[in-house]
Amino acid sequence: MSRSEVLHLSGTVVLDDEREVGDAWVVDGRLTFERPAGGATTRIEGWVLPGLVDVHCHIGLAADGAVDAATAERQAVADRDSGVLLVRDAGSPADTSWVHARRDLPRLIRAGHHLARPRRYLRHYGRELAAVHDLPGAVHDEAVRGDGWVKLVADWIDRDLPGGGDLTPLWPDDVLVDAVRAAHDSGARVTAHTFATESLDPLLDAGVDCLEHATGATPEQIERIALLGVPVTATLLQVAQFDAIADQGAARFPRFAARMRAMGARRHAHVRDLHDAGVPVLVGTDAGGTIGHGRIADEAAELVAAGIPAREVVAAASWRTREWLGVDAITEGASADVVVFDRDPRRDVRALAEPSAVVLRGVRYR
């Protein structure tokens, strides 16, 4: 389909939590609720949602680090064809700014490099800072380089601890405060990778805007996260791999392995506790490392299995997170970025795995 063709979106067009309409049209790549005068239209019928959002995704990254542009393109196409039309990239060693010029690829909000310490994160993934006090300046650099977000690695295994390695924070508390302030002063928000219990309170004290994983959160910390209104990206597909991660280090680092196994085992209860406390739980696949792209439906199904109602998961995977990221959903004059299903995914989340149509910038790709 070319941008000059008119699409008629018919059935149930979901605008947000409370509002639905029966019809919308795509004219010159834009959405309208006014029926166009005359001319042929192509009708697409079903449950029409604003394009899905993967809020923790790594276009340009694979298990061994940065990938070439052709591989990054394939990753982005897999996301698009799954119905993901908006990606918040949660850190990448590759410069993927070229994606912005590609109208056939999902909209991309980049967070720049992961910011970490030497030997305190996955090799070839992050920008490794020799001194902890370099963090605020690096945050400023990545805020300028990215699209309004910065990604911190807040904790990782410290292999040099007496008695064996375990998760520990990477940054002193005062440096975290300065780093988050540097991001905010640069007009950017901060999200942080965190597994460890010990990292959470300093991150919240510093004013972090989002948490990734947050698997070590205690009941008291969950209540605090909820009170502050800080969203958490659950990444259940990733947390399901904690047993395998533990196996790799169990012989040398038994404390670390035991902690990872415990967090992996209670991943569903943890996410349910976050939701029940009122924490906004975001939908992110963590694709691009060891997880393939295009798996938003699998992540959503895991959240439902954890006990979050399908209606809440679908809202988080679509219009709610678009609003939080400052990107239009289905509104008059907005870019026509929608995904269509033959049945309502708010009733059966498995429907997310079978989009009948994907329309990005007014062009149908599926």
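None of the values given here were measured: they were computed from a predicted structure.
With sequence neighbours left out, His8 forms a ring pair (Phe, Tyr, Trp, His ring centres under 6.0 Å) with Trp25. Arg110 pairs by the side chain to side chain donor-acceptor pair (under 3.5 Å) definition with His100, Asp147, not counting sequence neighbours. With sequence neighbours excluded, no residue forms a ring pair (Phe, Tyr, Trp, His ring centres under 6.0 Å) with Trp47. Legend: residues meeting salt bridge (charged side-chain N to carboxylate O under 4.0 Å, His left out) with Glu332, ordered by chain and number and at least two apart, are absent. Residues satisfying the salt bridge (charged side-chain N to carboxylate O under 4.0 Å, His left out) criterion with Glu354, sequence neighbours excluded, are Arg343. Taking the ring pair (Phe, Tyr, Trp, His ring centres under 6.0 Å) definition, one finds that Phe195 meets it with His193, His213, Phe242, sequence neighbours left out.
Checking side-chain atoms of Ser356 against main-chain N and O of Val340 turns up a donor-acceptor pair under 3.5 Å. Put simply, the side chain of Gln75 never gets that close to the backbone of Gly288: no donor and acceptor are under 3.5 Å apart. Remark: the backbone N or O of Ala188 is not paired with any side-chain donor or acceptor of Ser186 at under 3.5 angstrom. In this structure, Arg366 contributes its side chain and Ala357 its backbone to no donor-acceptor pair below 3.5 Å. Distance alone, capped at 3.5 Å, places no donor-acceptor pair between the Glu223 side chain and the Ala277 backbone. Between the side chain of His270 and the backbone N or O of Ala214 there is at least one donor-acceptor pair closer than 3.5 Å. Under the 3.5 Å distance criterion, the side-chain polar atoms of Arg259 are left unmatched by any main-chain donor or acceptor of Gly216. Thr32 places a side-chain N or O within donor-acceptor distance of the main-chain N or O of Glu34, the cut-off being under 3.5 Å.
Across all their heavy atoms, Ala329 and Ala334 have their closest contact at O-CB, 3.8 Å. Minimum heavy-atom separation, Arg102 to Arg361: O-NH1, 3.6 Å. Heavy-atom minimum distance, Val271 versus Ala234: CG2-CB, 3.7 Å. Annotation for Ala116 and Trp171: closest pair O-CH2, 3.5 Å, computed over non-hydrogen atoms.
Contact check for Phe253 versus Met260: no side-chain heavy atoms found under the 4.5 Å cut-off. Contact of the Val67 side chain with the Arg74 side chain is not registered, since no non-hydrogen atoms from C-beta on lie closer than 4.5 Å. Contact of the Arg88 side chain with the Thr321 side chain is not registered, since no non-hydrogen atoms from C-beta on lie closer than 4.5 Å. Counting only heavy atoms from C-beta outward, the side chains of His275 and Pro309 approach each other to under 4.5 Å. Counting only heavy atoms from C-beta outward, the side chains of Leu61 and His114 approach each other to under 4.5 Å. Looking only at side-chain heavy atoms (C-beta outward), Val177 and Asp205 stay at 4.5 Å or farther from each other. With contacts defined as side-chain heavy-atom distances shorter than 4.5 Å, the pair Asp298/Thr285 does not qualify. For the pair Val21/Leu15, a side-chain contact is recorded, criterion being any heavy-atom separation below 4.5 Å from C-beta on.
No salt bridge links Arg320 with Glu323; every basic N to acidic carboxylate O contact stays at or beyond 4.0 Å. Using a cut-off of 4.0 Å between Lys/Arg side-chain N and Asp/Glu carboxylate O, Asp95 and Arg145 are scored as not salt-bridged. Salt-bridge check for Arg295 with Asp286: failed, with every basic side-chain N at 4.0 Å or more from each acidic carboxylate O.
Side-chain contact of Thr191 with Glu212: a donor-acceptor pair under 3.5 Å is present, judged by distance alone. No side-chain donor-acceptor contact under 3.5 Å links Asp79 and Ser82.
Both Trp319 and Leu303 sit in one connected hydrophobic cluster of ILVMFWY residues. Membership requires side-chain heavy atoms under 4.5 Å apart, directly or through other members. The hydrophobic clustering, which links ILVMFWY residues whose side-chain heavy atoms are closer than 4.5 Å, places Ile330 and Ile44 together. Placement of Val153 and Met263 within a single hydrophobic cluster is found when ILVMFWY residues are connected by side-chain heavy-atom separations under 4.5 Å, directly or transitively.
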Leu135 and Leu152: side-chain contact (heavy atoms from CB on, under 4.5 Å), yes or no, with the steps? CA-CA 9 Å; Leu135 182 63; Leu152 306 182; 3.9 Å; yes
After noting the C-alpha distance and the side-chain angles of Asp348 and Phe341, does the key distance pass the side-chain contact (heavy atoms from CB on, under 4.5 Å) rule? CA-CA 11 Å; Asp348 181 359; Phe341 302 93; over 6 Å; no
Report the C-alpha distance between Asp64 and His124 in whole Å, list the side-chain angles of each, state the deciding distance to 0.1 Å, and finish with yes or no for side-chain contact (heavy atoms from CB on, under 4.5 Å). CA-CA 7 Å; Asp64 296 327; His124 311 304; 5.6 Å; no
Show your working on side-chain contact (heavy atoms from CB on, under 4.5 Å) between Val77 and Tyr365 and close with a plain yes or no. CA-CA 10 Å; Val77 167; Tyr365 290 96; over 6 Å; no
Could you go step by step and tell me if Asp178 and His133 meet the side chain to side chain donor-acceptor pair (under 3.5 Å) rule? CA-CA 9 Å; Asp178 291 343; His133 290 93; over 6 Å; no
Passes salt bridge (Lys or Arg N to Asp or Glu O under 4.0 Å), Arg30 versus Asp28? Steps please. CA-CA 6 Å; Arg30 297 283 169 180; Asp28 292 331; over 6 Å; no
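Residue Arg119 qualifies as open at atom CZ: its count of foreign heavy atoms under 6.0 Å is 12 or below.
The side-chain contact (heavy atoms from CB on, under 4.5 Å) test with Leu52 is passed by exactly one of Val87, Ile296, Leu86: Ile296. With Arg107 as reference, Asp337 is the one residue of Asp328, Asp54, Asp337 to meet the salt bridge (charged side-chain N to carboxylate O under 4.0 Å, His left out) rule. Each of Ile157, Asp158, Asp155 was checked for a side-chain contact (heavy atoms from CB on, under 4.5 Å) with Arg120, and the lone residue meeting it is Asp158.
We find the CG-CG distance between Leu85 and Leu105 to be 11.0 Å, quoted to the nearest 0.5 Å.
For the pair Arg189 and Trp324, the distance from NZ or CZ to the six-membered ring centre is under 6.0 Å and the angle to the ring normal is within 45 degrees.
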